[in-house]
Amino acid sequence: MQNLHIKRPQEANQASQYRGRFAPSPSGLLHFGSLIAALASFLDAKSFINDHGKQGKWLIRIEDIDPPREQQGASTAILTSLEAFGLHWDETELYQSSQSQYYRDILSNLSEQKLSYYCQCTRAQIKAIGGIYQGHCLSANHPPQHSALRLVNQYGLHQFNDLFQGHVLCDKKLADEDFIIHRKDGLFAYQLAVVADDIAQGITHVVRGCDLLEPTARQLTLYQTLNNSFLKCNTPLFGHIPLAITSDGYKLSKQNKAPAIDNDRPQPAIIAALQFLGQSPAPELHNASVEELIKWAINNWQRGNVPKAVEINID
């Protein structure tokens with residue numbers, strides 16, 4: 001078995017240090033929904049002050065491991081928008097496309113410990129039996145060719161305490177599923193990459209949208225699997241903020257062609273995002289600079305004011 005040597009902050013724990021992150025995919029430009037997520041994760045990190053007076057760190061990770069969905073130039077445009085909105089990150093941004101060998105090492109270790117297996121079931125086949133994979137290929141000994149790789153799910157964690165939503169209970173049947181960690185098309189699965197990179201970057205707090213509540217259960221299972229086998233790691237605290245949806249019930253997303261935020265007039269969108277998150281900027285701040293707005297938001301961030309809701313209509 002190959003030992004993984006990962007450079008992590010030595011004291012990366014939730015009590016003494018805060019290391020948060022924003023991890024957009026370069027499938028399009030930032031829109032209002034992604035601004036809300038970025039702002040929430042930034043403010044939660046920057047409002048944290050430990051016993052030594054050190055402010056939390058906020059990192060950027062570009063999730064560029066799905067080339068068919070990526071838009072040329074989107075990565076640079078995303079970083080430009082974040083800077084225009086006063087959301088400055090603390091360390092060099094990480095690109096998932098540079099992490100392939102690290103992911104392969106983890107997959108190799110899982111395979112050696114009999115914690116993964118190849119599966120050739122199609123989505124149509126799984127849908128036909130009710131939509132939950134039942135471990136059909138566990139003992140089939142399929143070859144790697146034309147196969148996805150699934151994790152042997154020993155834990156099926158289906159509940160957790162959320163920083164904003166409180167106690168979260170997920171679908172137990174879905175949480176018990178042997179989920180995919182390497183796709184049939186040869187791409188690394190989101191669940192694997194996001195957990196691997198949060199470990200590598202020493203992330204202590206993950207703040208993101210409620211569309212990732214169910215995936216969090218799977219990620220918690222993967223953390224426990226890795227921690228109990230070959231990769232000692234601390235599981236982050238998770239916090240999920242409401243999704244911005246339209247009157248038609250659609251989430252603001254790149255897939256739904258949500259309009260990009262305006263880098264030339266960031267203040268109105270920042271104020272609207274703060275209000276969405278339950279924060280209450282004073283009327284005089286409507287004429288403030290971006291820097292003044294962000295400084296106020298850091299000093300006045302209140303987790304308890306974030307609505308306990310999965311989604312909020314913004315129309």
Side-chain angles (χ1 to χ4, degrees), residues 14 18-48 56-66 69 78-79 81-82 85 87 89-90 93-94 96 157 159-168 170 189-223 234-245 251-256 258 261 273-274 276-279 297 301 303 305-312 314:
Q14 291 96 336
Y18 189 122
R19 288 176 64 82
R21 49 69 162 181
F22 178 56
S25 62
S27 54
L29 305 180
L30 290 187
H31 51 77
F32 183 66
S34 47
L35 172 64
I36 292 169
L39 187 62
S41 63
F42 177 88
L43 295 177
D44 205 62
K46 289 302 173 182
S47 63
F48 177 91
K57 299 282 189 179
W58 190 65
L59 284 62
I60 294 296
R61 181 164 71 236
I62 302 295
E63 297 192 336
D64 57 340
I65 55 168
D66 194 352
R69 294 181 58 245
I78 287 170
L79 298 179
S81 290
L82 291 173
F85 279 74
L87 305 180
W89 51 102
D90 293 300
E93 59 273 12
L94 175 70
Q96 283 190 330
L157 301 176
Q159 54 187 321
F160 60 95
N161 291 319
D162 190 272
L163 295 172
F164 303 107
Q165 303 298 329
H167 185 70
V168 173
C170 300
Y190 167 73
Q191 310 293 4
L192 174 83
V194 69
V195 169
D197 287 331
D198 281 341
I199 292 171
Q201 291 187 289
I203 298 302
T204 61
H205 297 70
V206 175
V207 175
R208 56 191 184 183
C210 277
D211 52 334
L212 292 170
L213 280 170
E214 289 280 2
T216 296
R218 295 187 168 196
Q219 289 158 33
L220 289 170
T221 289
L222 185 52
Y223 272 107
N234 293 320
T235 302
L237 299 177
F238 287 88
H240 293 82
I241 58 172
L243 301 174
I245 64 167
K251 179 189 79 168
L252 288 185
S253 67
K254 296 164 187 172
Q255 289 85 354
N256 291 330
I261 51 178
L274 288 170
F276 181 95
L277 291 166
Q279 315 303 303
W301 174 248
R303 275 186 190 167
N305 290 349
V306 176
K308 287 188 176 182
V310 173
E311 53 190 35
I312 297 175
I314 61 169

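Given the structure is predicted, the values throughout are model-derived calculations rather than measurements. What you see below is based on every heavy atom in this structure, not just the backbone, and it leaves out hydrogens, waters and symmetry mates. We count residues from 1, following the sequence as given.
Between Thr221 and Leu157, some side-chain heavy-atom pair lies under the 4.5 Å cut-off. Under the 4.5 Å side-chain criterion, counting only non-hydrogen atoms from C-beta, Val195 is not in contact with Arg218. Looking at Tyr18 and Asp44, their side chains come closer than 4.5 Å, going by heavy atoms from C-beta outward. Annotation: side chain of Leu274 is in contact with side chain of Leu43 (closest heavy-atom distance under 4.5 Å). Phe22 has its side chain out of reach of Leu87: every pair of non-hydrogen atoms, C-beta onward, lies at least 4.5 Å apart. You'll find the side chain of Leu59 stays beyond 4.5 Å of the side chain of Leu94, heavy atoms only. Put simply, the side chain of Val306 reaches to within 4.5 Å of the side chain of Gln279, judged on heavy atoms. At a threshold of 4.5 Å between non-hydrogen side-chain atoms, the residues Cys210 and Phe164 do not count as touching.
Considering every non-hydrogen atom in both Pro236 and Val206, the closest pair reads CB-CG2, 4.0 Å. Scanning both residues, Ser25 and Ile78, for their nearest heavy atoms gives O-CD1, 3.8 Å. Closest heavy-atom contact between Leu82 and Ala38: CD2-CB, 4.1 Å. The minimum heavy-atom distance linking Ala37 with Ile241 is given by the pair CA-CD1, 3.6 Å. Nearest heavy-atom pair across Ile261 and His31 is CG2-C, 3.5 Å. Annotation for Ala273 and Ile36: closest pair CB-CG1, 4.0 Å, computed over non-hydrogen atoms.
Taking the six-membered ring where tryptophan is involved, the planes of Phe160 and His240 are tilted, since the angle between them lies from 30° to 60°.
For the side-chain contact (heavy atoms from CB on, under 4.5 Å) with Phe42, the qualifying choice from Phe85, Trp301, Trp89, Trp58 is Trp58, the only one to do so.
Looking at Asp90 and Arg19, no side-chain N of the basic residue comes within less than 4.0 Å of a carboxylate O on the acidic one, giving no salt bridge. Asp162 and Lys308 are not joined by a salt bridge, as no carboxylate oxygen comes within less than 4.0 angstrom of a charged side-chain nitrogen.
Between the side chain of Gln165 and the backbone N or O of Ala309 there is at least one donor-acceptor pair closer than 3.5 Å.
Annotation: the span from Arg208 atom CZ to Leu213 atom CG amounts to 8.5 Å, rounded to 0.5 Å. Rounding to the nearest 0.5 angstrom, the gap separating the CG atom in Leu79 from the CG atom in Leu30 is 9.0 Å. The CD1 atom of Ile312 sits 4.0 Å away from atom CZ of Phe276, with the distance rounded to the nearest 0.5 Å. Note that CZ of Arg21 is 12.5 Å distant from NE2 of His205, once rounded to the nearest 0.5 Å.
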#### Entry: Residues Thr204, Phe48; criterion side chain to side chain contact (heavy atoms under 4.5 Å, CB included); working and verdict
CA-CA 12 Å; Thr204 61; Phe48 177 91; over 6 Å; no

### Message
Run the side chain to side chain contact (heavy atoms under 4.5 Å, CB included) test on Ile199 and Tyr223 for me, step by step, so that the C-alpha distance in whole Å, both residues' side-chain angles and the decisive distance to 0.1 Å come before the verdict.
### Response
CA-CA 9 Å; Ile199 292 171; Tyr223 272 107; 3.6 Å; yes

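Side-chain atoms of Gln201 and Arg61 form a donor-acceptor pair, as typed in the model, at a separation below 3.5 Å. The closest side-chain donor-acceptor pair between Arg303 and Ser47, if any, does not fall under 3.5 angstrom.
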